[in-house]
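Source: prediction; values computed, not measured. Chain identifiers are assigned alphabetically (A, B, ...) following the order of the sequence lines, protein sequences preceding nucleic acid strands; residue numbering begins at 1 within each chain. Just so you know, these numbers use all the heavy atoms, side chains as well, and skip hydrogens, waters and symmetry mates.
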Amino acid sequence: MATKADVRLPRARRLLNQHDFRAVYQRGQRAGGQWLTVVALRRRPRAGEAAPTESRLGVSVSKDHGGAVRRNKLKRLLREAFRLERHLLPAGVDVVLIPRQRPENFPLAELRAEVARLVPKALQGGERRRPRP
RNA sequence: CUUGGUCCCUGGACGGCCGCCGGCGGCUUCGGCCGCGGGAGGAAAGUCCGGGCUCCACAGGGCAAGGUGGUGGGCAACGCCCACCGUCCGUGAGGACAGGGAAAGUGCCACAGAGAUCAGACCGCCGGACGGCCUGCGCAAGCGGGCGACGGCAAGGGUGAAACGGUGAGGUAAGAGCUCACCGCGCCCCGGGCGACCGGGGCGGCACGGCAAACCCCACCUGGAGGAAGACCGAAUAGGAGGAUCGCGCGGCCCGCGCUGUGGUCCUCGGGUAGGUCGUUGGAGGCCGUCCGCGAGGGCGGUCCUAGAGAAAUGGCCGUCACCGCCGACGAGGCGGCACCAGAACCCGGCUUACGGGGACCAAGCUUU
RNA sequence: UGCCCCGUGGUGUAACGGUAGCACAACAGGUUCUGGUCCUGUUUGUCAAGGUUCAAAUCCUUGCGGGGUAA
């Protein structure tokens, strides 16, 4: 491969407002693993775009996971897992990662494996869900 | 050495690769790219106080409500800090204290107990003029004992958290500040201290229980809300006000009037939702030196710039060293860990709570010289 | 992030500063052939730590936990 894989994760590749999150939750599809739940939505091409390019990430960590230090750590791990796996995933997908509640620390290798496995599974309609009201 | 007390410091170091956020500079096809340097804490926490800042309210004063409460000082201010005083705790180093007023008033003090604040008399102690009853000795006069009523007393017993001050002596029928000494208490005087208070002397002769984190009184302080404060810009859609023009109706025409859920088109205006910009990072700032001060702290000089997000930036992988644990002899070496409490959201000063490590000084006990 | 409120057995609630009650639940016994109903009895509590007071669920301070509210 001539060019190195793009492993950067700037703000443009993040879900940042309520509008985007609501779209993924309402029309996306879910897949669950033992470390996290994935909600994925194949984004429609914007006007002027031939095909959607960048896949984007959203993270949702509830207060049940503990104090601010532990929650921040979790978000960083989830971002890192997505950052390193993104170029192997289908393009043009909005993904929300929701960690499960577990008492022990989350290993990065496990998170990377589940992201790589669950995102395609969700896109194939593994666990289709009715849109929420 | 052990146990304990006080005060202070600290919260790994260096480097490589891949990323994140914002700053400056350059380039740009305006999407972004490149370079340089910056990027969590001592508690960032709890939100318990005090300020700055913003908006609202406000002539002045009083009342209400809330807070603080030894004295002097520090501070922008404080309920914080320092020094000192008093009381209590500790063998001690030291520690704790909302620590003004209970002779301005109101209220409360359960249970127990005779009596709980205008104190009180159950058991008891004592007295003798009375004379009631019973009774011993005696021939009798009379002498005596017990009970009752009457009177004196509050020492002792007992209750209680607390009983019109404590201990001792004198005194007395028994007693009692009744008297005396000491202590306590109150008042006055003298001396020391800016003061809280301290020391000494005299007098009084006990009168003054506790609770004000009960109401309250006194002194001092406080307007309310909070950065999601607040200021500005502002789509789409819906709706409002004004104007121009066109159409229709009344009318012969102009002017004018009308369009009954107030006609069409265009323009202007203000309000305002989504969203955005500012507020928003340099300050009662840190460090060093020096002077003043017991100290908290202050003056002067020099020097440094130190996060700024908005579904919310500090992460991942790796190496060397330091540190800790285990196996080796605490050595070489090997293996493992790299912590704990915890994450800035307007900013400061404190307090409180959580937590890893280290140092200095001091006390008591033991041991050695 | 700011502001506000609350805390009593397993649950819902009472208690001028003076014995922590009440109802349901739970458990045991009785009644019954068995279960239910009913009767009798028992267990379990002041969120924690300090302070004030003779005495604290109550008053004060600090902490902990839970809830509400402001786009």
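Using a 4.0 Å cut-off, some side-chain N or O of R11(A) falls inside it from OP1 or OP2 of rC21(B). Within the 4.0 Å cut-off from OP1 or OP2 of rC20(B), not a single side-chain nitrogen or oxygen of R79(A) is found.
When the P atom is used for both rC153(B) and rA207(B), the distance is 16 Å, rounded to whole Å. When the C1' atom is compared between rA173(B) and rC183(B), the two are found 32 Å apart, to the nearest whole Å. Here the separation of rA43(B) from rG12(B), taken at their P atoms, is 15 Å to the nearest Å. Between rC84(B) and rC89(B), the two P atoms lie 22 Å apart (nearest whole Å). Rounded to the nearest Å, the gap between the P atom of rU47(B) and that of rC304(B) is 41 Å. On the P atoms, rA313(B) is 15 Å away from rG308(B), given to the nearest whole Å. Taking atom C1' in both rG337(B) and rG227(B), the straight-line distance is 45 Å, to the nearest Å. Comparing rU52(C) with rA15(C), their P atoms are spaced 28 Å from each other, to the whole Å.
Of the inter-residue distances, the one linking K121(A) atom NZ with R30(A) atom CZ reads 14.0 Å to the nearest 0.5 angstrom. Rounding to the nearest 0.5 Å places NE2 of H65(A) at 9.5 Å from CD1 of I98(A). Here the straight-line distance linking atom CG of L57(A) with atom NZ of K75(A) works out to 12.0 Å at 0.5 Å rounding.
Within the nucleic acid shown, R14(A) comes within 4.0 Å of sugar-phosphate atoms alone, with no base atom in reach, counting heavy atoms only. Among the protein residues, L84(A) comes within range of no part of the nucleic acid, since none of its heavy atoms lies under 4.0 Å from any strand. Within the nucleic acid shown, R70(A) has no heavy atom closer than 4.0 Å to any nucleic acid atom.
Along RNA chain B, the nucleotide nearest K75(A) and the nucleotide nearest A68(A) are compared for position; the residue whose nucleotide lies closer to the 5' end is K75(A).
Side chain of L77(A), nearest nucleotide from rG316(B), rG19(B), rG343(B): rG316(B).
The partner of rA309(B), taking Watson-Crick or G-U wobble pairs whose two distances both stay under 3.5 Å, does not exist in any strand shown. Of the nucleotides present, rG5(B) is the one that pairs with rC361(B) by Watson-Crick or G-U wobble criteria, both distances under 3.5 Å. Pairing for rA225(B) goes to rU54(B), judged as Watson-Crick or G-U wobble with the two contacts each under 3.5 Å. The partner of rC153(B) is rG124(B), judged by Watson-Crick or G-U wobble contacts that both fall below 3.5 Å. Of the nucleotides present, none pairs with rG177(B) by Watson-Crick or G-U wobble criteria with both distances under 3.5 Å. With a cut-off of 3.5 Å on both pairing distances, rC330(B) has no Watson-Crick or G-U wobble partner at all. The pairing partner recorded for rG148(B) is none, the criterion being a Watson-Crick or G-U wobble arrangement whose two distances lie under 3.5 angstrom. The base-pairing partner of rG65(C), taking Watson-Crick or G-U wobble contacts with both distances under 3.5 Å, is rC6(C).
In this structure a side-chain-to-backbone donor-acceptor pair under 3.5 Å is missing from R56(A) to D94(A).
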